[in-house]
Student: 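To start, I am sharing the structure in question, which I have written as structure tokens.
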Amino acid sequence: MNLPDYSLGADEVPLHEACPIDDGTREALKEEIRMLLRVRDAVLIAHYYVDGDLQDLADETGGFVSDSLEMARFGRDHDAPNIIVAGVRFMGETARILSPEKRVFMPTLESECSLDIGCPPDVFKAFCEEHPERTVVVYANTSVEVKALSDWVVTSSCALEIVEMLDARGEKILWAPDKHLGKYIHTQTGADMVLWSGACVVHEEFKAKGLRGLKALHPEAGVLVHPESPAAVIDIADAVGSTSAILKAARELPHEIFIVGTDRGLFHKLRQQNPGKRFIEAPTAGDGATCRSCAHCPWMAMNELGVLAETLRDEKRLKANEILVDPEVGRRAMLPLTRMLDFQAAR
Ligand code: 13P
Ligand code: SF4
């Protein structure tokens with residue numbers, strides 16, 4: 001069998017190479033951001049998919065790097081009056097909903113999410129009205145308006161357990177917006193679920209055929225996959241889970257090599273936490289394509305060092321990138337979000 005050679009190169013490329021700034025400029029920007037965070041009395045919370053330098057800055061300055069669930073919890077519990085969220089917009093909105101008394105800013109408000117974009121609140125409301133008997137469970141990757149229409153918000157760290165619990169109570173579920181995650185949870189729990197048909201533009205691109213080919217080249221490798229991926233990709237995985245679950249599996253499984261089906265931003269922490277292990281990107285491309293993996297969220301990538309420095313530097317620009325939430329809608333959205341955090345805390 002003639003297998004494409006996916007094994008060279010890309011798995012060793014440091015993430016910041018994509019960013020056209022030299023080391024001196026990068027260090028100067030990092031120093032400036034450290035200073036500006038102090039001046040602005042702000043804490044930096046970063047998702048695992050953003051630029052590695054931003055993740056390090058969050059770690060170094062008393063902020064936090066995590067999955068979307070822990071970002072929400074940390075933002076709510078931290079006492080800084082100003083929160084800077086490096087991630088995508090729903091993460092900033094979640095921080096604001098949970099802490100209406102704090103100010104929440106992002107490097108840029110343009111950082112969207114395809115799941116959020118693909119679930120407009122008015123169309124979603126009509127969908128809910130078609131199924132009034134169902135418990136509405138929405139993924140955190142949604143707008144504040146969609147969260148306000150829900151009974152439960154979940155992230156990929158707790159979705160399975162929450163649906164299991166609702167199913168055990170005999171509740172039928174309306175799930176939105178990620179169809180792949182919804183299908184995965186349905187397969188695992190057998191719960192009665194109707195699914196909205198959204199997808200993540202990054203994870204939907206992973207290809208089972210390419211992954212099998214790569215696995216044949218590295219039969220000793222463990223396969224780690226985020227559940228926003230298609231079912232055929234999930235079926236090949238040794239471990240399936242949220243970004244933090246993938247990190248845990250990489251630390252705990254015995255393999256020395258891993259093929260990883262999630263955004264390449266996670267490779268920064270994977271390599272930091274496992275210096276002796278090798279991580280290879282799962283392929284997103286077919287045999288004829290020129291790139292083997294395009295798994296980097298275009299919106300997460302907007303969180304650049306230079307963009308954050310400019311936003312923190314300039315008062316007007318900072319204000320323009322503040323997350324504002326309608327107080328009444330925010331109050332309604334806080335309920336299902338708090339339910340999720342309480343459920344998680346009680347586990
Ligand atoms: P996690 O909740 O696993 O961090 O994932 C968030 C996300 O946007 C995945 O694409
Ligand atoms: Fe949304 Fe996918 Fe980007 Fe995560 S990786 S923020 S789900 S588009």
Side-chain angles (χ1 to χ4, degrees), residues 15 45-51 54-55 58 64-75 85-95 106-119 137-143 146-147 152-162 175-182 184-185 196-206 224-230 233-234 237 239-250 260-270 281-282 284 293-303 337 340-341 344:
L15 285 174
I45 306 178
H47 188 263
Y48 289 129
Y49 291 165
V50 301
D51 176 74
L54 280 179
Q55 295 187 40
F64 199 54
V65 186
S66 72
D67 65 14
S68 55
L69 178 68
E70 287 302 305
M71 285 175 84
R73 191 196 51 72
F74 184 89
V85 174
V88 291
R89 192 205 282 249
F90 79 83
M91 295 168 175
E93 284 184 350
T94 298
M106 299 191 68
T108 165
L109 294 186
E110 285 175 34
S111 48
E112 298 273 357
C113 166
S114 63
L115 288 165
D116 184 350
I117 293 169
C119 191
V137 181
V138 303
Y139 198 29
N141 303 36
T142 45
S143 63
V146 165
K147 287 185 178 76
W152 286 84
V153 174
V154 298
T155 76
S156 48
S157 284
C158 58
L160 201 58
E161 290 79 2
I162 287 178
W175 168 271
D178 189 322
K179 62 180 175 188
H180 296 300
L181 181 57
Y184 171 69
I185 292 169
W196 182 268
S197 184
C200 159
V201 288
V202 178
H203 292 87
E204 191 168 45
E205 289 304 310
F206 288 118
L224 311 175
V225 167
H226 196 284
E228 289 170 10
S229 309
V233 171
I234 289 179
V240 182
S242 64
T243 47
S244 51
I246 290 176
L247 284 165
K248 185 169 187 281
V260 185
T262 195
D263 185 286
R264 70 197 305 257
L266 191 66
F267 283 59
H268 183 68
K269 269 280 174 282
L270 282 167
E281 292 179 41
T284 58
S293 178
C294 315
H296 191 31
C297 175
W299 296 290
M300 290 283 184
M302 289 178 174
N303 292 271
L337 268 170
M340 169 182 78
L341 291 174
Q344 185 68 8

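Positions are given from 1 along the sequence. Just so we're clear, the structure is a prediction, and the values are computed from it rather than from any experiment. Just follow the structure's listing: the first ligand is 1, and inside any ligand the first atom is 1.
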Student: Answer whether the closest heavy-atom distance between the side chains of His296 and Phe267 falls below 4.5 Å.
Tutor: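 No, their side chains stay 4.5 Å or more apart.
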Student: Taking 2.8 Å as the cut-off, does an N/O/S atom of Cys200 lie below it from atom 1 (Fe) of ligand 2?
Tutor: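 No.
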Student: What are the atoms of ligand 2, with element, lying closer than 4.0 Å to any heavy atom of Val88?
Tutor: 6 (S)
Student: With atoms numbered from 1 as shown, which atoms in ligand 2 lie under 4.0 angstrom from a non-hydrogen atom of Leu115?
Tutor: 7 (S)
Student: The test is side-chain contact (heavy atoms from CB on, under 4.5 Å); show your working for Leu69 and Leu341 and say whether it passes.
Tutor: CA-CA 8 Å; Leu69 178 68; Leu341 291 174; 4.0 Å; yes
Student: Say whether, by atom type as modelled, one donor and one acceptor occur between the side chain of Lys147 and the main chain of Thr142 under 3.5 angstrom.
Tutor: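 Answer holds: yes.
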Student: Please check: side-chain N/O of Ser66 versus main-chain N/O of Met71, any donor-acceptor pairing under 3.5 Å?
Tutor: yes
Student: Taking the side chain as C-beta and beyond, is there a heavy-atom pair between Ser244 and Glu70 under 4.5 Å?
Tutor: no
Student: Looking at Thr243, Asp67, Thr262, Asp263, which one forms a side chain to side chain donor-acceptor pair (under 3.5 Å) with Tyr49?
Tutor: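 So the option named by the test is Thr262.
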Student: Please list the nearest protein heavy atom to atom 3 (Fe) of ligand 2 with its residue and the distance rounded to 0.1 Å.
Tutor: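 Scanning the protein heavy atoms, the shortest distance from atom 3 (Fe) of ligand 2 goes to Cys297 SG, 2.4 Å.
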Student: Is there a heavy atom of Asp263 sitting under 4.0 angstrom from any atom of ligand 2?
Tutor: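 For ligand 2, residue contact (heavy atoms, under 4.0 Å) with Asp263 is absent.
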Student: Got the closest protein heavy atom to atom 1 (Fe) of ligand 2, with its distance?
Tutor: Cys113 SG, 2.4 Å
Student: Collect the protein residues that have a non-hydrogen atom under 4.0 Å from ligand 1 and hand them over in chain and number order.
Tutor: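 Only His47, Tyr49, Asp67, Ser68, Asn141, Ser156, His203, His226, Glu228, Ser242, Thr243 have heavy atoms that fall under 4.0 Å of ligand 1, ordered by chain and number.
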Student: If only atom types and distance count, is the side chain of Ser114 paired as donor or acceptor with the main-chain N or O of Ala199 below 3.5 Å?
Tutor: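 Judged by distance alone, yes, a pair lies under 3.5 Å.
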Student: Test side-chain contact (heavy atoms from CB on, under 4.5 Å) on Trp299 and Ile117 and set out the steps.
Tutor: CA-CA 12 Å; Trp299 296 290; Ile117 293 169; 3.8 Å; yes
Student: Taking the side chain from Gln55 and the backbone from Val50, do they hold a donor-acceptor pair closer than 3.5 Å?
Tutor: yes
